[in-house]
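Counting begins at 1 with the first residue of the sequence.
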Amino acid sequence: MEKLRRVLSGQDDEEQGLTSQVLDASSLSFNTRLKWFAICFVCGICFSIMGTALLWVPGGIKLFAVFYTLGNLAALASTCFLMGPMKQLKKMFETTRLLATVIMLLCLVFTLCAALWWHKKGLALLFCILQFLSMTWYSLSYIPYARDAVIKCCSSLLS
């Protein structure tokens with residue numbers, strides 16, 4: 001709460017503005033980075049949708065797992081164009097995101113293993129669901145107090 005007060009009052013000197021963070025991220029121009037972010041993100045969405053559509057094709061669980069995982073990787077990589085790859089990696093492995101990042105990366109790998117090598121359709125589908133949930137939880141970590149709001153919502157629904 002204290003950090004939010006500092007940011008709102010303009011006293012937060014440890015954080016730069018979004019524009020200056022983006023401009024410091026790489027040698028690419030802002031427009032170029034924004035274009036490649038959009039291209040990567042849209043490709044990620046398209047891969048995920050294609051994978052979901054291929055799920056209904058007979059024997060399409062392998063294609064589903066591959067395309068859905070590629071979609072998530074492309075969406076995750078898209079932010080590297082905004083922040084830069086090293087800053088992205090540092091943020092991914094901060095203590096607030098560490099558990100979500102590790103679970104997300106493990107689910108990406110286990111999805112492919114279950115579909116391509118273990119030939120377990122149910123397990124591949126389970127890992128895809130876990131992949132989605134961990135990616136969502138990871139993404140929520142970038143929005144202040146979003147995780148707390150989700151936890152409160154879920155706990156009120158369950159009680």
Side-chain angles (χ1 to χ4, degrees), residues 3-4 7 12 14-57 59-118 120-121 123-151 153:
K3 184 171 181 161
L4 181 62
V7 169
D12 191 17
E14 67 185 50
E15 295 217 338
Q16 304 172 13
L18 177 64
T19 307
S20 61
Q21 283 180 353
V22 169
L23 291 175
D24 290 343
S26 76
S27 60
L28 298 173
S29 73
F30 177 74
N31 287 337
T32 303
R33 281 182 276 143
L34 203 55
K35 287 175 189 173
W36 279 105
F37 163 78
I39 289 168
C40 248
F41 193 74
V42 168
C43 284
I45 291 171
C46 289
F47 280 148
S48 295
I49 291 171
M50 272 191 340
T52 305
L54 290 170
L55 180 62
W56 309 113
V57 174
I61 190 73
K62 290 179 184 180
L63 292 172
F64 165 69
V66 169
F67 277 104
Y68 192 78
T69 302
L70 282 176
N72 280 338
L73 285 173
L76 186 63
S78 68
T79 55
C80 288
F81 286 102
L82 292 180
M83 287 189 228
M86 291 311 294
K87 195 168 191 178
Q88 170 77 15
L89 286 173
K90 286 179 187 174
K91 284 193 173 273
M92 283 177 72
F93 290 100
E94 287 177 350
T95 56
T96 56
R97 294 182 189 94
L98 183 63
L99 184 62
T101 299
V102 169
I103 292 172
M104 177 183 57
L105 294 174
L106 285 174
C107 286
L108 291 170
V109 171
F110 287 156
T111 299
L112 294 174
C113 288
L116 300 177
W117 292 287
W118 304 335
K120 303 287 184 185
K121 295 176 184 179
L123 201 55
L125 198 54
L126 174 69
F127 283 130
C128 279
I129 292 168
L130 291 174
Q131 197 180 122
F132 172 78
L133 292 173
S134 61
M135 184 73 114
T136 302
W137 192 251
Y138 168 79
S139 299
L140 286 174
S141 72
Y142 285 97
I143 303 168
Y145 304 108
R147 286 179 167 181
D148 294 334
V150 169
I151 289 172
C153 260

*Minimum heavy-atom distance between Arg147 and Leu140, given as atom pair plus value*: CG-CB, 4.1 Å
*How long is the span from the CG atom in Leu130 to the CE atom in Met104, to the nearest 0.5 Å?*
13.0 Å
Using residues 73-82 as the side-chain source, report each donor-acceptor pair under 3.5 Å to any protein atom, sequence neighbours left out, with the distance given to one decimal.
{"unit_1": "Ser78", "atom_1": "OG", "unit_2": "Ala75", "atom_2": "O", "d": "2.5"}
{"unit_1": "Thr79", "atom_1": "OG1", "unit_2": "Leu76", "atom_2": "O", "d": "2.8"}
{"unit_1": "Thr79", "atom_1": "OG1", "unit_2": "Gln88", "atom_2": "OE1", "d": "2.9"}
{"unit_1": "Thr79", "atom_1": "OG1", "unit_2": "Gln88", "atom_2": "NE2", "d": "3.2"}

List the atom pairs, donor and acceptor, that lie under 3.5 Å between side-chain atoms in residues 48-56 and the rest of the protein, sequence neighbours left out.
{"unit_1": "Ser48", "atom_1": "OG", "unit_2": "Gly44", "atom_2": "O", "d": "3.1"}
{"unit_1": "Thr52", "atom_1": "OG1", "unit_2": "Ser48", "atom_2": "O", "d": "2.8"}
{"unit_1": "Trp56", "atom_1": "NE1", "unit_2": "Thr52", "atom_2": "O", "d": "3.4"}

_Quick check on Trp36: does its CH2 atom have over 12 non-hydrogen neighbours (other residues, nucleotides or ligands) under 6.0 Å away?_
no
*Applying side chain to side chain contact (heavy atoms under 4.5 Å, CB included), run through Lys91 and Tyr142 and close with a yes or a no.*
CA-CA 9 Å; Lys91 284 193 173 273; Tyr142 285 97; 3.6 Å; yes
*Any chance you could measure Leu112, atom CG, to Tyr68, atom OH, to the nearest 0.5 Å?*
12.5 Å
_Smallest separation among heavy atoms of Glu94 and Arg97, with atom names_ = OE1-NH1, 2.7 Å
*Between Phe41 and Phe37, what is the ring plane arrangement, given parallel below 30°, perpendicular above 60°, and tilted in between?*
parallel
_Under 3.5 Å donor-acceptor, Thr69 side chain and Val66 backbone_ = no
*Do you know which two heavy atoms are closest between Ser29 and Thr32, and how far apart they sit?*
OG-OG1, 2.8 Å
_Pairwise side-chain contact, Trp137 with Leu99, heavy-atom cut-off 4.5 Å (strictly under)_ = no
*Starting at CD1 of Ile129, measure out to CG of Leu133 and round the result to the nearest 0.5 Å.*
7.5 Å
_Gap between atom CG of Leu89 and atom CE of Met83 - 0.5 Å precision_ = 10.0 Å
*asked:* So, taking the atom named CG in Leu106 and the one named SG in Cys113, what distance separates them when rounded to the nearest 0.5 Å?
replied: 10.0 Å
*Looking at CG of Leu108 and CG of Leu70, how far apart are the two atoms once the value is rounded to the nearest 0.5 Å?*
10.0 Å
*asked:* Which heavy atom of Ile61 sits nearest to which heavy atom of Ala124, and what is that distance?
replied: CG1-CB, 4.2 Å
_Flag if over 12 foreign heavy atoms under 6.0 Å of CZ, Phe132_ = no
*Residues in ring-ring contact (aromatic ring centres under 6.0 Å, His included) with Phe93, at least two apart?*
none
*Considering all heavy atoms of both residues, which atom of Met135 and which atom of Asn72 are nearest to each other, and what is their separation?*
CE-O, 3.2 Å
*Is there side-chain contact between Gln131 and Phe110, with at least one heavy-atom pair below 4.5 Å?*
no
